[in-house]
Protein chains: 2
Amino acid sequence: MARQSSPKAGRREPRPEPLTKPLENTETIDFDIIELLFFSYRDFVSDPDAILAKSGFGRAHHRVVHFVNRNPGMTVADLLDTLKITKQSLARVLKQLIDSGYIQQKAGPEDRRQRKLYPTATGRDLALALAEPQSRRIERAFDGASAEVRAGVKAFLSGMQNRQNSKAD
Amino acid sequence: MARQSSPKAGRREPRPEPLTKPLENTETIDFDIIELLFFSYRDFVSDPDAILAKSGFGRAHHRVVHFVNRNPGMTVADLLDTLKITKQSLARVLKQLIDSGYIQQKAGPEDRRQRKLYPTATGRDLALALAEPQSRRIERAFDGASAEVRAGVKAFLSGMQNRQNSKAD
DNA sequence: AATATATGTCATGATTGCTGACATATATTC
DNA sequence: GAATATATGTCAGCAATCATGACATATATT
């Protein structure tokens, strides 16, 4: 390989020469996968984004609606732990979803300080509508995949997560 | 399955009853995969975020540094097409990266209106430093996976993308 | 010479994250 | 019962990153 950044002898060089060789995959670094994750996630969230824009909601609302529908009765603390955002960040979107009738709060039956979160029928409809194009996309991506590959993809995605997302976090 | 939202007869009900049944996977909707994608992407970008925070850069800088290192000589238009953002959004981060000496611009040799983008040595170092923890995470997620599964994951991620990211977009 | 293209820039606004501070209601502990 | 801890809400302000629209400049193309 030719050297790229040797300064030209005797000439004043205000900046070093830039690199022209592409960064390629190596033994240890798989740039292809890194890019695939970027592109696939970008497109994966684009469908819901388009739907949400009509209601004046954003991606943050999507996450809240999704998890409350998946875990009705979860508390605000549970939600903060799942989303890993601050309560002030959550407060804005949660308030909008409650005011718009997508989510309801109920005081916890044992611990009345808690606010348990439940979807309304409208909230459930929205969660399903948002999941629908994402599911179609996933099904398309799995087209023709063996059961082993499908399980392998799930294992891969699980393995990408930080360890121990347990309560004791 | 029990009905959940039948109004109680004869009593004034200011709000319909919220739903308490979790939204589960169905034939057509795989909520598990939807969540796995959310969690895995969130954690996938967390490592670079931590590194970038030290330099005062953000996720947007990461993307620019990554793609310019992968495709030295790409034009501003190429980059806009890849990132799918507006030139005004790109302008800020690109300017910062140029001013800080991570990226250089050169007028196109044939078309002098173009600004071809190249990484500096510093820019390449940054790209590699950012890719390193992501690669370790990917390797960990692939631990023990067969060649078929590895190929299957790549195919899955490719299939998740919108069709034809070609020039004719 | 007129028009199109690639890029840069200015102004402005929305969303979504953050921090710090403080308030309220309820549980727990001394 | 008083003190303290916890779950939640809220106010004020800051920052990053996306967006839109309008306009400027240099260079290509017709």
Side-chain angles (χ1 to χ4, degrees), chain A residues 38 41-42 45-46 48-66 68 73-100 103-118 167, chain B residues 38 41-42 45-46 48-66 68 73-100 103-118 167:
Chain A
F38 166 66
Y41 193 78
R42 183 194 62 187
V45 295
S46 67
D49 281 356
I51 296 172
L52 292 155
K54 296 176 198 162
S55 329
F57 291 146
R59 215 170 281 181
H61 302 84
H62 182 185
R63 295 186 195 121
V64 172
V65 167
H66 171 90
V68 171
M74 74 190 307
T75 66
V76 171
D78 292 337
L79 196 46
L80 291 176
D81 210 64
T82 300
L83 300 176
K84 301 262 194 285
I85 59 175
T86 60
K87 66 175 173 179
Q88 296 91 330
S89 299
L90 175 60
R92 261 187 313 244
V93 299
L94 184 53
K95 189 171 195 315
Q96 291 171 321
L97 288 169
I98 292 168
D99 291 349
S100 316
I103 288 180
Q104 276 189 27
Q105 288 181 319
K106 285 190 160 189
E110 282 120 40
D111 187 337
R112 291 181 42 80
R113 292 171 303 178
Q114 293 180 338
R115 295 290 173 270
K116 307 197 92 186
L117 305 172
Y118 298 89
K167 279 285 161 61
Chain B
F38 166 65
Y41 193 78
R42 184 192 62 186
V45 295
S46 68
D49 281 355
I51 296 173
L52 291 156
K54 297 176 196 161
S55 329
F57 290 147
R59 213 170 282 179
H61 303 84
H62 183 185
R63 295 186 196 123
V64 172
V65 166
H66 171 89
V68 171
M74 75 191 307
T75 66
V76 170
D78 292 337
L79 196 46
L80 291 176
D81 210 62
T82 299
L83 300 176
K84 301 264 194 283
I85 59 175
T86 59
K87 65 177 171 179
Q88 296 91 330
S89 298
L90 174 60
R92 259 184 315 249
V93 299
L94 185 54
K95 190 173 195 313
Q96 290 171 321
L97 287 169
I98 291 168
D99 291 348
S100 317
I103 286 180
Q104 278 189 26
Q105 287 182 321
K106 284 189 159 190
E110 281 120 40
D111 188 336
R112 291 181 42 81
R113 292 172 303 179
Q114 293 180 337
R115 296 290 174 267
K116 306 196 92 184
L117 304 171
Y118 298 89
K167 279 285 162 61

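First the proteins, then the strands, lettered A, B, ... as listed; each starts at 1.
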Between atom [atom1] in [X] and atom [atom2] in [N], what is the gap in whole Å?
X     : N      : atom1 : atom2 : result
B/L94 : D/dC18 : CG    : C1'   : 16 Å
B/Q88 : D/dG21 : CD    : C1'   : 8 Å
B/K95 : D/dA16 : NZ    : P     : 16 Å

Distance check, rounded to the nearest 0.5 Å: [X] atom [atom1] versus [Y] atom [atom2]?
X      : Y     : atom1 : atom2 : answer
A/R115 : A/L94 : CZ    : CG    : 11.5 Å
A/L80  : A/L90 : CG    : CG    : 5.0 Å
B/K84  : A/R42 : NZ    : CZ    : 5.0 Å

Pick out which of A/Q96, A/R92, A/H66 makes a side chain to side chain donor-acceptor pair (under 3.5 Å) with A/H61.
->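 It is A/Q96; the other options fail the test.
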Does the side chain of A/L117 come within less than 4.5 Å of A/Q105's, by heavy atoms?
->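 A side-chain contact under 4.5 Å exists here.
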Would you call B/V68 and B/L97 a side-chain contact if the rule is heavy atoms closer than 4.5 Å?
->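 They are not in contact (no side-chain heavy atoms under 4.5 Å apart), so the answer is no.
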Partners passing side-chain contact (heavy atoms from CB on, under 4.5 Å) against A/R59 (at least two apart in sequence or in another chain) |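 Expected list: A/V45, A/D49, A/R63.
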For A/A77, check side-chain contact (heavy atoms from CB on, under 4.5 Å) against everything at least two apart and list the hits.
->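 With neighbours one apart ignored, the set is A/T75.
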Return the minimal non-hydrogen interatomic distance between [X] and [Y], and the atom names on each side.
X      : Y     : answer
B/K116 : B/G73 : CE-O, 2.9 Å
B/D78  : B/M74 : OD2-CA, 3.6 Å
B/A60  : B/V93 : CB-CG1, 3.8 Å

For DNA chain C, just give me the dot-bracket, please: Watson-Crick or G-U, both distances below 3.5 Å, ( ) intra-strand, [ ] crossing earlier pairs, | paired with another strand, . unpaired.
-> ||||||||||||||||||||||||||||||
Taking OP1 and OP2 of D/dT17, is either one under 4.0 Å from a side-chain nitrogen or oxygen of B/S89?
->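 Checking D/dT17 against B/S89, no side-chain N or O comes under 4.0 Å of OP1 or OP2.
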Could you tell me whether the side chain of B/R112 and the main chain of B/E110 form a donor-acceptor pair under 3.5 Å?
->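 The answer is no, because no donor-acceptor pair under 3.5 Å joins these two groups.
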Using a heavy-atom cut-off of 4.0 Å to chain B, what are the terminal contacting nucleotides of DNA chain C, in 5' to 3' order?
->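 It runs C/dA4 to C/dC10.
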Distances under 3.5 Å between nitrogen or oxygen atoms of protein and nucleotides 28-30 of chain D:
residue, atom, partner, partner atom, Å
D/dA28, OP1, B/R112, N, 3.0

Go through residues 48-59 of chain A and report each residue with a non-hydrogen atom lying under 4.0 Å from DNA chain D, sorted by number.
->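 Contacting residues: none.
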